[in-house]
Structure formats: structure tokens, C-alpha cells
Amino acid sequence: MKEGPDISLLAALIGDPARSNMLMALMSGKALTAGELAREAGVTIQTASSHLGKLEGAGLLLKRHEGRHRYFSIADEDVAGVLESLTGLAAKRGHLRTRTGPKDPELRKARVCYNHLAGEMGVQMYDNLITNNHIVLKDNTPLLTPSGKTLMAEFGVDLEALAKLRRPLCKSCLDWSARRSHLAGALGTALLNRFFELGWAERLENSRVVAFSKTGERKFSAMFG
């Protein structure tokens, strides 16, 4: 008998086309209803409910009730990281979706990866923080330095509040389009939210695209080089 973790169940669950479409829709970070996910997957609500039950049972999704509706979301950043890495591997091996459109360059530039900034601008921010010694890598784990803590405080990020969360402060996440790391973890989420609060960027409706204004992009570049 083989010992150790069994990846076959998770691989089979993620590998189903309908379920993979649902999971990728949830990578926007939004919670969606079974009906919305059924449309994303191109299946009936009954079939979608069966798929969602399997994904929830395996710990890949979380479900919550709001009135008569059931909302589903990605369980945590570990699941999101696996999906982002699989997306990068698929792109690298040439396993691409046939549908393309004008949003593809926008997705590559800046997008939401579950709850943090991804794409070229996300990678640029992470590289800049490392280059300027605001983040150091210890055993490939990103750690915020004293100068990084000062920078975040000046930018309006409440590090004390983040420290109380049951999440790592900093994590690296492999970016599927740039194929390099961007910043995840509680700090990655806080920075993306701060960009929205300051009006530097906004989420495009029904999309993972993060659209920076000209002023926002200029200020972003001034801060993150």
C-alpha cells in the first residue's frame, strides 16, 4: 500500500472541465452562487450543485448561506496558489484556451489572483520590495524587514491588524503569465485593498482585471519602481 498524501483525488476534481471553469471563476476572489457558477461551467444548476458538493467536500471550496442563496469561494490561499501554478504550467506547455480577446493583455498587466495583485505590476512590486531590501528571502520564504515595515506604515497599511490574522504576512505566489513570483499573504491583500482605497485602481466588472488610472499607475511606479 502506498503511503503519504494522495494527490489523485484533488487532481481528478480540479481536472474536470466544468469544475476547473468554476474554480477559475472563483479566482477573482468573489463569492459566487451556484447559478452563477453553473453558467461559468456551461452546466445545469443541478449538475453544478453536484460538482460544488465534491469540491467543498475535498476542502477546495467554502460555502456560506446568505438568505436563500448559497455562496461559494476558494477555501484559502493554498488552493489559490495551486490553481495559479497550474495555470502557469498550462500556459508554458501551450495548453491554452481557444477564446482570446482584448482583455488578455490587461490580464497580463494587472489582475486579481484570489485576493492580491498579480500580473506584470504584481511581479514588479514584489521585485522592487526585494531589490530595496524591504523584503528578504529566508529559505525562499519572504520576510518583511524593518525598512519594509516603515514603508508599509507610511503607506497606511496597519501591520498590527495584519499580525492578528491567522494568515502568513508574506507569501510568494508563482504568477502564471509572468512565470515569476508576486506577493501574496495578508500583506499582498492589504496592498491591493490600499490601491483601491486610494483610487489608484479599480476592479473591472465581471473580470479579474485590475485597471489602474494614469495617475494611479504613475504613483505605483514611483513607489515600486
Side-chain angles (χ1 to χ4, degrees), residues 9-93 95-122 171 173-179 182 184 188-189 192-193 195-196 201-211:
L9 173 62
L10 296 181
L13 286 170
I14 296 172
D16 178 88
R19 290 192 287 265
S20 65
N21 283 336
M22 292 178 181
L23 289 167
M24 292 310 298
L26 291 170
M27 283 292 283
S28 67
K30 295 181 179 179
L32 300 176
T33 66
E36 291 169 329
L37 290 167
R39 288 192 290 274
E40 288 287 341
V43 297
T44 66
I45 292 182
Q46 290 78 9
T47 300
S49 295
S50 175
H51 285 313
L52 291 168
K54 293 176 181 178
L55 292 169
E56 182 192 5
L60 299 179
L61 295 184
L62 293 178
K63 178 178 68 175
R64 69 173 184 265
H65 292 271
E66 295 289 343
R68 295 180 298 172
H69 296 288
R70 294 176 300 155
Y71 288 88
F72 295 87
S73 59
I74 298 291
D76 53 35
E77 286 188 323
D78 289 337
V79 177
V82 168
L83 294 173
E84 184 79 355
S85 294
L86 283 173
T87 306
L89 180 60
K92 188 174 182 179
R93 294 292 185 265
H95 305 303
L96 304 175
R97 297 172 184 265
T98 56
R99 184 179 65 184
T100 59
K103 288 185 178 179
D104 286 350
E106 295 173 351
L107 279 170
R108 291 178 180 275
K109 181 176 181 180
R111 66 180 181 277
V112 172
C113 176
Y114 180 48
N115 57 15
H116 53 267
L117 181 66
E120 295 167 359
M121 294 183 73
K171 289 182 66 176
C173 181
L174 184 62
D175 194 280
W176 72 259
S177 55
R179 300 175 195 172
H182 58 243
T189 301
L192 179 60
N193 289 337
F195 300 151
F196 293 148
E202 63 179 359
R203 286 278 301 276
L204 295 189
E205 188 175 359
N206 299 321
S207 172
R208 292 174 62 186
V209 171
V210 175

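- The local environment of NZ in K109 is sparse, with at most 12 non-hydrogen atoms from other residues, nucleotides or ligands closer than 6.0 Å.
- L37 contributes atom CG, which lies 7.0 Å from atom CD of E40 (distance to the nearest 0.5 angstrom).
- L52 CG to K63 NZ: the interatomic distance, rounded to the nearest 0.5 Å, is 9.0 Å.
- What you find for A110 and M121 is that their closest heavy atoms are CB-SD, 3.9 Å.
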side-chain contact (heavy atoms from CB on, under 4.5 Å) between Y114 and T189, intermediate numbers included: CA-CA 9 Å; Y114 180 48; T189 301; over 6 Å; no
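- Judged by distance alone, the side chain of R19 and the main-chain N or O of I14 form no donor-acceptor pair under 3.5 Å.
- The two residues R108 and S177 come nearest to each other via the heavy atoms NH1-CB, 3.6 Å.
- Taken to the nearest 0.5 Å, the NZ atom of K54 stands 13.0 Å off from the CG atom of L60.
- One finds the CE atom of M24 at 3.5 Å from the OG1 atom of T87 (value rounded to the nearest 0.5 Å).
- Of the possible donor and acceptor atoms, one in the side chain of E84 sits under 3.5 Å from a partner among the backbone N and O of W176.
- Annotation for V43 and A18: closest pair CG1-CB, 4.1 Å, computed over non-hydrogen atoms.
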Can you give me every donor-acceptor pair (side chain of residues 66-82, partner residue at least two apart or in another chain, under 3.5 Å) with its distance?
| residue | atom | partner | partner atom | Å |
| --- | --- | --- | --- | --- |
| R70 | NH2 | S49 | OG | 3.3 |
| D76 | OD1 | D78 | N | 3.1 |
| D76 | OD1 | V79 | N | 3.1 |
| E77 | OE2 | R167 | NH2 | 2.6 |
| E77 | OE2 | G185 | N | 3.2 |
| D78 | OD1 | K171 | NZ | 3.1 |

Stepwise side-chain contact (heavy atoms from CB on, under 4.5 Å) test for V209 and R203: CA-CA 6 Å; V209 171; R203 286 278 301 276; over 6 Å; no
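- Shortest non-hydrogen contact noted between M27 and L83 is SD-CD1, 3.9 Å.
- The two residues R111 and G119 come nearest to each other via the heavy atoms NH1-CA, 3.4 Å.
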Verdict with supporting geometry, R208 and L107, side-chain contact (heavy atoms from CB on, under 4.5 Å): CA-CA 7 Å; R208 292 174 62 186; L107 279 170; 3.9 Å; yes
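- Remark: L204 CG to S28 OG distance equals 12.5 Å, nearest 0.5 Å.
- The two residues K30 and N206 have their closest heavy-atom pair at NZ-N, 4.2 Å.
- Remark: N115 CG to L192 CG distance equals 8.0 Å, nearest 0.5 Å.
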Trace of the side-chain contact (heavy atoms from CB on, under 4.5 Å) decision for L13 with L55: CA-CA 7 Å; L13 286 170; L55 292 169; 4.2 Å; yes
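- Taking E202 as the reference, nothing meets the salt bridge (charged side-chain N to carboxylate O under 4.0 Å, His left out) condition, with sequence neighbours excluded.
- Residues L62 and E56 form no side-chain contact, since every pair of their non-hydrogen atoms from C-beta on lies 4.5 Å or further apart.
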